[in-house]
Amino acid sequence: MVKKIAFLFPGQGAQAVGMGKDIYENYEEAKNVYDIADKVLNKNITKLCHEGPEESLKQTVNTQPCIVTTSIAMAEALRSELNICPDYTAGHSLGEYCAMFISGVMSLETTLKLIQKRADLMGASKGGSMSAILNAPSDVLASGLEEGRKIGYVDVANYNSPAQVVITGDEEAVKTAGEYMLQNGARRVVPLAVSGAFHSKYMEEAGKEFAEYIKDAELNNASVPVITNVDAEITLKADEFRAKMPRQIHSSVYWTQTIQKMVSLGVDTFIEIGPGKVLSGLNKKIAPEASVYNVYDKASLESVVSELKEQLAGV
């Protein structure tokens with residue numbers, strides 16, 4: 001019997017040409033989301049998601065609205081097939097906007113406009129680099145950051161799982177920190193192909209501009225609690241979201257802590273909704289005892305609906 005369910009939404013890097021196509025073709029609720037995105041953003045989001053080209057889809061200004069549109073379309077298709085309301089929601093970086101939409105914080109139009117503005121600002125911010133660090137002991141991570149800071153600015157962008165963090169900052173400082181960690185016990189260091197140092201002080205200006213942009217955005221209190229990236233805490237009030245959204249652009253993403261928080265609140269079933277399976281892989285490392293489901297295409301949606309119908313009925 002399911003105790004508590006959380007919906008999770010992926011972030012940048014989950015995109016793939018063709019994402020959401022069979023959901024769009026088979027579920028009116030999903031098609032409606034894509035149609036609204038095309039209209040609100042005045043660009044062919046549907047074509048970018050379903051046909052690419054990949055080079056265009058990889059650009060931050062397109063990636064973010066495309067992933068958000070696809071994830072929300074999949075969530076709406078799921079909800080049309082299964083009478084389910086999550087107990088909590090969360091999203092990794094840009095995925096948090098899908099979580100806020102599902103939790104009733106913003107309308108679809110507002111969500112799309114805000115994520116497009118966020119993407120424009122982040123895409124325009126240049127400089128710096130990022131690297132994923134795999135299996136670095138915590139003391140090695142701390143010492144590596146210290147070593148990098150002798151050269152320049154470096155910080156943690158994402159606490160993705162106990163086995164993976166992403167560091168961000170000045171190119172040379174990130175490189176130095178990574179090399180130190182590799183020499184002292186980290187299993188791998190993977191430089192990331194990104195346009196800038198996301199979730200770092202390089203994004204502070206983007207955060208300030210975004211704060212100005214969302215000042216008058218129509219936000220509601222959440223009907224379902226969102227566990228937010230910047231602090232891994234329950235967020236419910238509209239004004240708290242308004243304060244946290246700009247901060248999220250240049251703050252660390254506390255994903256490991258977000259999942260741990262949900263587990264401590266009794267969540268035992270996670271449903272990742274959106275392209276790819278990145279979060280499910282991380283979840284297995286953070287909370288291996290929890291059940292994890294994926295909705296990323298028509299077949300996976302049907303499978304999840306079938307399995308959860310039985311569970312929710314107590315079969």
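Values reported hereafter were calculated over all heavy atoms of this structure, with side chains retained and with hydrogens, waters and symmetry mates removed.
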Trainee: For the residue pair L301 and L78, what are the closest heavy atoms and their distance?
Mentor: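 Where L301 meets L78 most closely, the heavy atoms are CD1-N, 3.7 Å.
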Trainee: For V105 and A222, work out which heavy atoms get closest and say how close.
Mentor: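 The pair with the smallest heavy-atom distance is CG2-CB, 3.8 Å.
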Trainee: Is the closest side-chain donor-acceptor distance between N160 and K285 under 3.5 Å?
Mentor: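 Absent: no donor and acceptor within the cut-off.
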Trainee: Within the 4.5 Å heavy-atom criterion, are L121 and Y213 side-chain neighbours or not?
Mentor: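 Counting from C-beta outward, L121 and Y213 never come under 4.5 Å.
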Trainee: Please verify the inter-ring angle class for Y24 with Y34; under 30° counts as parallel, over 60° as perpendicular, anything in between as tilted.
Mentor: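 Ring orientation, 0 to 90° scale: perpendicular.
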Trainee: Where do M130 and G196 come nearest, in terms of heavy atoms and distance?
Mentor: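 Scanning both residues, the minimum pair turns out to be SD-O, 3.7 Å.
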Trainee: How long is the span from the CG atom in L114 to the CD atom in E218, to the nearest 0.5 Å?
Mentor: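 If I round to the nearest 0.5 Å, the distance is 11.0 Å.
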Trainee: Give the minimum heavy-atom separation between Y153 and K201, together with the two atoms involved.
Mentor: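 Scanning both residues completely, I find the closest heavy atoms to be OH-N, 3.0 Å.
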Trainee: Could you check whether E96 and T228, counting side-chain N and O atoms only, form a donor-acceptor pair closer than 3.5 Å?
Mentor: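 The criterion, which ignores hydrogens and geometry beyond distance, is not satisfied for E96 and T228.
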Trainee: Could you check whether E204 pairs with K208 (Lys NZ or Arg NE/NH1/NH2 to Asp/Glu carboxylate O, under 4.0 Å)?
Mentor: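 Salt bridge flag = no for K208 with E204.
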Trainee: Is it the case that over 12 heavy atoms from other parts of the model lie below 6.0 angstrom from the CD atom of E55?
Mentor: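 Incorrect, the count does not exceed 12.
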Trainee: What's the spacing between C98 SG and I273 CD1 if we round to 0.5 Å?
Mentor: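 Answer for the SG-CD1 pair, C98 versus I273, is 9.0 Å.
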Trainee: Is it true that Y27 and L308 fall in one hydrophobic cluster, defined by side-chain heavy atoms closer than 4.5 Å?
Mentor: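 Linked, Y27 and L308 end up in one cluster.
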Trainee: Verify the neighbour count for atom CD of E25: are there more than 12 heavy atoms of other residues, nucleotides or ligands below 6.0 Å?
Mentor: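 Yes, the 6.0 Å shell around CD holds more than 12 heavy atoms from other groups.
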Trainee: Is any side-chain heavy atom of F101 less than 4.5 Å from a side-chain heavy atom of E76?
Mentor: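 Side chain of F101 against side chain of E76, heavy atoms only: contact under 4.5 Å found.
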Trainee: Give a yes-or-no answer on whether the side chains of N32 and E28 include a donor-acceptor pair shorter than 3.5 Å.
Mentor: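 Absent: no donor and acceptor within the cut-off.
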Trainee: Dump the intermediate steps for side chain to side chain contact (heavy atoms under 4.5 Å, CB included) on F9 and E272, then the final yes or no.
Mentor: CA-CA 6 Å; F9 298 93; E272 179 181 1; over 6 Å; no
Trainee: Indicate yes or no: at least one non-hydrogen side-chain atom of Y159 is less than 4.5 angstrom from one of T258.
Mentor: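 Result no, sub-4.5 Å side-chain heavy-atom pair not found.
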Trainee: Is there a donor in the side chain of N294 and an acceptor in the side chain of S280, or the other way round, less than 3.5 Å apart?
Mentor: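 Yes, a side-chain donor-acceptor pair sits under 3.5 Å.
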Trainee: With a 3.5 Å cut-off and no angle check, do the side chains of T89 and S103 form a donor-acceptor pair?
Mentor: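 The criterion, which ignores hydrogens and geometry beyond distance, is satisfied for S103 and T89.
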Trainee: Give a yes or no on whether M19 and V68 share a hydrophobic cluster (residues Ile, Leu, Val, Met, Phe, Trp, Tyr; joining criterion: side-chain heavy atoms under 4.5 Å apart).
Mentor: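 Same cluster: M19 reaches V68 through Ile, Leu, Val, Met, Phe, Trp or Tyr contacts under 4.5 Å.
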Trainee: Can you tell me how far the CD atom of Q164 sits from the OG1 atom of T256, to the nearest 0.5 Å?
Mentor: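 It is 8.5 Å, given to the nearest 0.5 Å.
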Trainee: Show me the pairs that pass side-chain hydrogen bond (donor to acceptor under 3.5 Å, both in side chains) and involve residues 165-186, at least two apart or across chains.
Mentor: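 As it turns out, the side-chain hydrogen bond (donor to acceptor under 3.5 Å, both in side chains) pairs with a partner in residues 165-186, which skip direct neighbours, are D170-Y202.
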Trainee: Could you check whether any side-chain N or O of K43 sits under 3.5 Å from a backbone N or O of V40, counting only pairs where one atom can act as donor and the other as acceptor?
Mentor: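 Flag not set: sc K43 to bb V40 has no pair under 3.5 Å.
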Trainee: Name the atoms and distances for all side-chain donor-acceptor pairs under 3.5 Å in residues 132-146, with sequence neighbours left out.
Mentor:
residue: N135; atom: OD1; partner: R187; partner atom: NE; Å: 3.0
residue: N135; atom: OD1; partner: R187; partner atom: NH2; Å: 3.4
residue: S143; atom: OG; partner: D139; partner atom: O; Å: 2.9

Trainee: So E289 and V263, side chain to side chain contact (heavy atoms under 4.5 Å, CB included) or not? Walk me through it.
Mentor: CA-CA 10 Å; E289 69 290 348; V263 170; 3.8 Å; yes
Trainee: CE of M203 to NE2 of H250: how many Å apart, nearest 0.5 Å?
Mentor: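 Those atoms lie 11.0 Å apart.
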Trainee: Is it true that S93 and H199 share a donor-acceptor pair across their side chains at a distance under 3.5 Å?
Mentor: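 Side-chain D/A pair, H199 to S93: present.
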Trainee: Under a 3.5 Å distance rule, please check whether S56 uses its side chain to pair with a backbone N or O of G52 as donor and acceptor.
Mentor: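 Not confirmed, S56 side chain does not pair with G52 backbone.
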Trainee: Go through V224 and F7 one step at a time and tell me if the side chain to side chain contact (heavy atoms under 4.5 Å, CB included) criterion holds.
Mentor: CA-CA 10 Å; V224 173; F7 283 4; over 6 Å; no
Trainee: When you measure from the side chain of Q15 to the backbone of G13, do you find a donor-acceptor pair of N or O atoms at a distance under 3.5 Å?
Mentor: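 Present.
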Trainee: Any carboxylate oxygen within less than 4.0 angstrom of a Lys/Arg side-chain nitrogen, looking at E233 and K261?
Mentor: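 Salt bridge present between E233 and K261.
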Trainee: Within 45° of the axis and under 6.0 Å from the centre of the six-membered ring of F210, does NZ or CZ of K117 qualify?
Mentor: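 No, K117 does not sit over the ring of F210.
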Trainee: Verify whether one side chain among T60 and T63 offers a donor that lies under 3.5 Å from an acceptor in the other.
Mentor: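 The criterion, which ignores hydrogens and geometry beyond distance, is not satisfied for T63 and T60.
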Trainee: Check whether R118 reaches the backbone of P65 with its side chain - one donor and one acceptor, N or O, closer than 3.5 Å.
Mentor: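 Such a contact is absent between R118 side chain and P65 backbone.
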Trainee: Identify the two heavy atoms, one from V174 and one from I167, that lie closest to each other, and give their separation to 0.1 Å.
Mentor: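 Reported closest heavy-atom pair: O-CD1, 3.7 Å.
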Trainee: Keeping the roles fixed (side chain from T69, backbone from C66), state whether a donor-acceptor pair exists under 3.5 Å.
Mentor: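 No, the answer is negative, given that no donor and acceptor are paired below the 3.5 Å cut-off.
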Trainee: Answer yes or no: is there an ion pair linking D231 with K244, defined by an N-O contact shorter than 4.0 Å?
Mentor: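 So D231 pairs with K244 through a salt bridge.
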Trainee: Please walk me through it: do K47 and D38 pass salt bridge (charged side-chain N to carboxylate O under 4.0 Å, His left out)?
Mentor: CA-CA 9 Å; K47 189 166 188 280; D38 290 348; over 6 Å; no
Trainee: Would you check if the side chain of T269 reaches a backbone N or O of I5 as a donor-acceptor pair within less than 3.5 Å?
Mentor: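 Absent.
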Trainee: Report yes or no: do V295 and Y293 belong to one cluster of Ile/Leu/Val/Met/Phe/Trp/Tyr joined by side chain heavy-atom distances under 4.5 Å?
Mentor: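 Linked, V295 and Y293 end up in one cluster.
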Trainee: Between N220 (side chain) and G104 (backbone), is there a donor-acceptor pair under 3.5 Å?
Mentor: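 Indeed, once roles are kept as given, a pair shorter than 3.5 Å links the two residues.
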Trainee: State the OG1-CD1 distance between T46 and I36, to the nearest 0.5 angstrom.
Mentor: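 Reported value, rounded in 0.5 Å steps: 11.0 Å.
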Trainee: Evaluate the side chain to side chain contact (heavy atoms under 4.5 Å, CB included) criterion for residues Y88 and K4: first the C-alpha distance (whole Å), next the side-chain angles of each, then the deciding distance (0.1 Å), finally the verdict.
Mentor: CA-CA 8 Å; Y88 300 95; K4 288 187 178 176; 4.1 Å; yes
Trainee: Looking only at the side chains, is there a donor atom on one of Q116 and Q64 sitting less than 3.5 Å from an acceptor on the other?
Mentor: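 Q64 and Q116 do not have a side-chain donor-acceptor pair below 3.5 Å.
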Trainee: Is the backbone N or O of E302 less than 3.5 Å from a side-chain atom of S306, with the two atoms forming a donor-acceptor pair by type?
Mentor: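 No; judged by distance alone, with no hydrogens or angles, the pair does not exist.
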Trainee: Taking salt bridge (Lys or Arg N to Asp or Glu O under 4.0 Å) as the test, write out the residues that go with K31, two or more places apart.
Mentor: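 By the salt bridge (Lys or Arg N to Asp or Glu O under 4.0 Å) rule, K31 matches D35.
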Trainee: Of the non-hydrogen atoms in N158 and H92, which two are nearest, and what is the gap between them?
Mentor: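 That closest heavy-atom pairing would be ND2-CE1, 3.7 Å.
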Trainee: Do I84 and V33 share a hydrophobic cluster (ILVMFWY, side-chain heavy atoms under 4.5 Å, transitive)?
Mentor: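 Yes; V33 is reachable from I84 via cluster members.
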Trainee: So for atom NZ, which belongs to K277, do other residues, nucleotides or ligands contribute more than 12 heavy atoms lying within a distance under 6.0 Å?
Mentor: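 It does not: K277 NZ has 12 such atoms or fewer within range.
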Trainee: Give the cluster check for L8 versus I115: same hydrophobic cluster or not, with ILVMFWY residues linked at side-chain heavy-atom distances below 4.5 Å.
Mentor: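 No, L8 does not connect to I115 through the hydrophobic network.
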Trainee: Looking at I67, I249, N229, which hits side-chain contact (heavy atoms from CB on, under 4.5 Å) with L94?
Mentor: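 The passing option is I67.
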Trainee: Taking CD in E109 as the centre, count heavy atoms belonging to other residues, nucleotides or ligands within less than 6.0 Å. Is the count above 12?
Mentor: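 Enclosed: over 12 neighbouring heavy atoms sit under 6.0 Å from CD of E109.
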Trainee: Could you state the interatomic distance from OH (Y97) to CD1 (I72), rounded to the nearest 0.5 Å?
Mentor: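 Answer for the OH-CD1 pair, Y97 versus I72, is 12.0 Å.
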Trainee: Heavy-atom distance under 4.5 Å between the side chains of V194 and S129, does that happen here?
Mentor: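 The answer is no, as the side chains (C-beta and beyond) never meet within the 4.5 Å cut-off.
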